[in-house]
Amino acid sequence: MTQYVVPAPVVTTVPVEGTDAVFPVRRVLCVGRNYAAHRAEMGGDDREPPFFFSKPADAIVAPPHHAVPYPTVTQNLHHEIELVVAIGAPGSDVPVAEAHELIWGYAVGVDLTRRDLQNAAKDKGQPWDSGKGFDASAPISAIRPVALSGHPQGRIQISVNGLTKQDGKLSDMIWNVAEVIAQASKLWRLEAGDLIYTGTPEGVGPLVRGDEVKGSIEDVGEVEFKVI
Ligand code: MN
């Protein structure tokens with residue numbers, strides 16, 4: 001048996017809807033500016049294609065945990081509601097037409113963002129890790145297997161304290177799910193356990209301590225948490 005010199009990292013897991021089984025998380029990729037209206041609200045250029053960044057696996061906050069601590073350093077924490085793809089099979093340089101074969105399931109995620117740190121990084125041409133990849137920055141719902149309700153195409157919404165803040169359609173994505181997987185697989189070999197946050201529609205905005213956040217995607221589920 002391997003003797004670790006420090007405690008080995010714990011495998012992050014996400015519950016699977018309707019079972020006691022869990023999905024083990026290998027890594028978390030995220031797509032930036034994948035909805036035109038959000039790209040515009042972020043000051044993006046309409047010729048600029050979407051792109052990827054990542055969060056550490058242990059940034060995931062999965063059920064039954066419903067508390068997200070307000071992160072350190074920031075004065076401007078933002079919500080971004082996103083469809084999450086759970087990858088169940090390996091693939092590299094996957095054609096768009098075959099990309100759906102890699103999908104194990106879907107979840108509802110929130111890409112929490114320290115917007116002030118992200119904007120400062122953008123201004124200086126620095127990486128986004130401190131703005132995007134912080135502790136507890138990736139709340140997520142249980143994963144719904146694709147075998148259960150197929151590939152979602154409907155509405156994506158988030159409310160804060162009962163008020164709707166983002167209300168979009170998955171069909172408004174610039175890169176659809178198959179294209180996201182195909183693109184990602186050109187850059188990295190995808191493996192079972194990878195999660196991909198596929199970008200957010202317009203209407204991102206601030207969260208403060210005490211906020212009750214509820215996100216939903218038609219035919220996928222609901223994510224719910226409180227900022228503490
Ligand atoms: Mn995002």
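Being a predicted model, the structure only gives us computed values, none of them experimental. Counting convention: from 1, in listed order, for ligands and their atoms alike.
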(message) Evaluate Thr198 against Val85 for side chain to side chain contact (heavy atoms under 4.5 Å, CB included), listing each step before the verdict.
(response) CA-CA 7 Å; Thr198 58; Val85 180; 3.8 Å; yes
(request) Please work out whether the ring planes of Trp188 and Phe52 are parallel, tilted or perpendicular, with thresholds of 30° and 60°. (result)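 Rings of Trp188 and Phe52: perpendicular, as their planes differ by over 60°.
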(request) Look at the rings of His151 and His100 and say which category their plane angle falls in: under 30° parallel, 30 to 60° tilted, over 60° perpendicular. (result)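 Aromatic pair His151/His100 classed parallel.
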For N/O/S atoms only: which one belongs to [X] and is nearest the Mn ion (ligand 1)?
X	answer
Glu82	OE2
Asp111	OD2
Glu80	OE1

(message) Taking the cut-offs as 6.0 angstrom to the six-membered ring centre and 45 degrees off its axis, would you call Lys55 and Phe134 a cation-pi pair?
(response)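 Verdict for Phe134: a cation-pi partner in Lys55.
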